[in-house]
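For reference, the structure is listed below as structure tokens.
Each residue takes its place number in the sequence, starting with 1.
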Amino acid sequence: MEFYRIQDKIISWERIDKTLKKALSMRARGFSQQETADRLKIDRTFISRLESIGELRKGQSIACVGFPILNKEEVREILEKEGVDFILLMSERERLDFVNRRSGKELLNEMMDLTARVRSYEAVICIGSDERIKLMEGVLDGQVISMEIGTSPITEDKWVDPSELRKILRSIKSAR
């Protein structure tokens with residue numbers, strides 16, 4: 001269990017997590033914000049703010065960026081089948097080639113172009129290491145749905161669970 005001491009209070013992260021999940025579950029089942037707030041004994045405005053924090057702008061357009069991926073073709077096929085608008089997947093070898101075959105100036109320009117392009121999507125699935133995901137979240141203003149495949153630095157291709165990816169895609173699409 002994870003606890004936080006805030007002045008004279010002890011805060012349980014587990015209790016917060018359970019309450020948040022229950023609130024979102026109730027809202028997904030059709031309860032109004034007020035009904036949810038009343039049953040959980042929290043403010044209705046908190047429910048509204050909670051939904052705003054997690055909203056993916058209704059998931060109208062989706063991009064996926066991921067590396068280094070072992071089952072890249074399988075992942076690409078799933079993404080294409082589910083209608084993902086922009087896909088950038090690389091193996092470790094392709095990632096190294098991408099970096100090593102460009103001058104510093106070319107690499108910077110291409111990275112800026114890719115960043116601008118990905119920022120135009122309303123939901124971005126990022127498949128990568130813990131550190132790369134944090135970086136993407138910072139660059140993309142928190143519109144990232146993360147699939148962590150390891151601790152940075154990752155130096156070999158990692159398998160991505162197709163069922164987990166499908167689950168994420170269906171969640172995004174159901175929010176449309």
Under 3.5 Å: donor-acceptor pair, side chain of Arg76, backbone of Leu88: no

With the threshold set at 4.0 Å, does a side-chain nitrogen-carboxylate oxygen contact exist between Glu51 and Arg49? no

Once rounded to the nearest 0.5 Å, what's the spacing between atom CD1 of Ile53 and atom OG of Ser48? 10.0 Å

Common cluster, Ile6/Ile16, ILVMFWY with side-chain heavy-atom separation under 4.5 Å: yes

Leu70 and Lys158, any side-chain heavy atoms less than 4.5 Å apart: no

Taking the cut-offs as 6.0 angstrom to the six-membered ring centre and 45 degrees off its axis, would you call Arg102 and Phe98 a cation-pi pair? yes

Working to the nearest 0.5 angstrom, can you tell me the gap between Leu20 CG and Leu24 CG? 6.5 Å

Step by step, would you call Phe3 with Arg5 a side-chain contact (heavy atoms from CB on, under 4.5 Å)? CA-CA 7 Å; Phe3 296 101; Arg5 176 175 277 293; over 6 Å; no

State yes or no: do Met136 and Met111 share one hydrophobic cluster built from I, L, V, M, F, W and Y residues joined by side-chain heavy-atom distances below 4.5 Å, directly or via other members? yes

Could you tell me the separation between the CD atom of Glu131 and the CD1 atom of Ile133, rounded to the nearest 0.5 Å? 10.0 Å

Any sub-3.5 Å donor-acceptor pair from Asn71's side-chain atoms to Trp159's backbone N or O? no

Heavy-atom closest pair (Ala123 atom, Ile145 atom, distance to 0.1 Å) is CB-CD1, 3.9 Å

Would a distance-only check, ignoring hydrogens and angles, find a side-chain to backbone donor-acceptor pair under 3.5 Å from Ser25 to Lys21? no

Is Asp17 reaching over with its side chain to a backbone N or O of Trp13, donor-acceptor style, under 3.5 angstrom? no

Supply the atom-to-atom distance Ser129 OG to Glu148 CD, rounded to the nearest 0.5 angstrom. 7.5 Å

Are Lys134 and Glu137 close enough for a salt bridge, meaning some N to O gap below 4.0 Å? no

For Ile62, does its backbone N or O pair with a side-chain atom of Asp85 as donor and acceptor, under 3.5 Å? yes

Would you call Tyr121 and Val65 a side-chain contact if the rule is heavy atoms closer than 4.5 Å? no

Lys/Arg-Asp/Glu bridge criterion (N-O < 4.0 Å) met for Arg117, Asp113: no

Looking at every non-hydrogen atom in both residues, tell me the closest pair between Pro162 and Ile78 and how far apart they are. CB-CD1, 3.5 Å

Student check: side-chain heavy atoms of Met90 and Ile69 closer than 4.5 Å: no

Closest heavy-atom contact between Met26 and Glu35? CE-O, 4.5 Å

Tell me whether Leu108 is reachable from Leu114 by hopping between hydrophobic residues (I, L, V, M, F, W, Y) whose side-chain heavy atoms are closer than 4.5 Å. no

Would you say Glu74 has more than 12 foreign heavy atoms packed within less than 6.0 Å of its CD? yes

Derivation and outcome, salt bridge (Lys or Arg N to Asp or Glu O under 4.0 Å), residues Glu14 and Lys18: CA-CA 6 Å; Glu14 182 179 347; Lys18 283 181 183 179; 3.2 Å; yes

For Val118 and Val139, run side-chain contact (heavy atoms from CB on, under 4.5 Å): C-alpha distance rounded to whole Å, both residues' side-chain angles, the deciding distance at 0.1 Å, then the answer. CA-CA 10 Å; Val118 171; Val139 169; over 6 Å; no

Kindly compute the distance separating OH (Tyr4) from CD1 (Ile10), expressed to the nearest 0.5 Å. 12.5 Å

Search all heavy atoms of Glu94 against all heavy atoms of Leu89 and return the closest pair with its distance. OE1-O, 4.2 Å

Would Ile127 and Ile149 satisfy side-chain contact (heavy atoms from CB on, under 4.5 Å), going step by step from the backbone distance to the final call? CA-CA 7 Å; Ile127 306 170; Ile149 56 173; 3.8 Å; yes

Supply the atom-to-atom distance Lys81 NZ to Glu77 CD, rounded to the nearest 0.5 angstrom. 7.0 Å

Take Ile125 and Ile172 through the side-chain contact (heavy atoms from CB on, under 4.5 Å) test and state the conclusion after the steps. CA-CA 10 Å; Ile125 301 167; Ile172 294 168; 4.0 Å; yes

Verify whether one side chain among Asp161 and Ser163 offers a donor that lies under 3.5 Å from an acceptor in the other. yes

At their closest point, which heavy atom of Thr155 faces which heavy atom of Glu92, and how far apart are they? O-CG, 3.5 Å

Measure across Ala37 and Ile47 and return the closest heavy-atom pair with its distance rounded to 0.1 Å. CB-CG1, 4.1 Å

Would you mind checking if Glu82 and Arg170 are paired as a salt bridge, meaning a charged N to carboxylate O distance below 4.0 Å? yes

Salt-bridge test for Glu106 and Arg101: reply yes if a basic N is under 4.0 Å from a carboxylate O, no otherwise. no

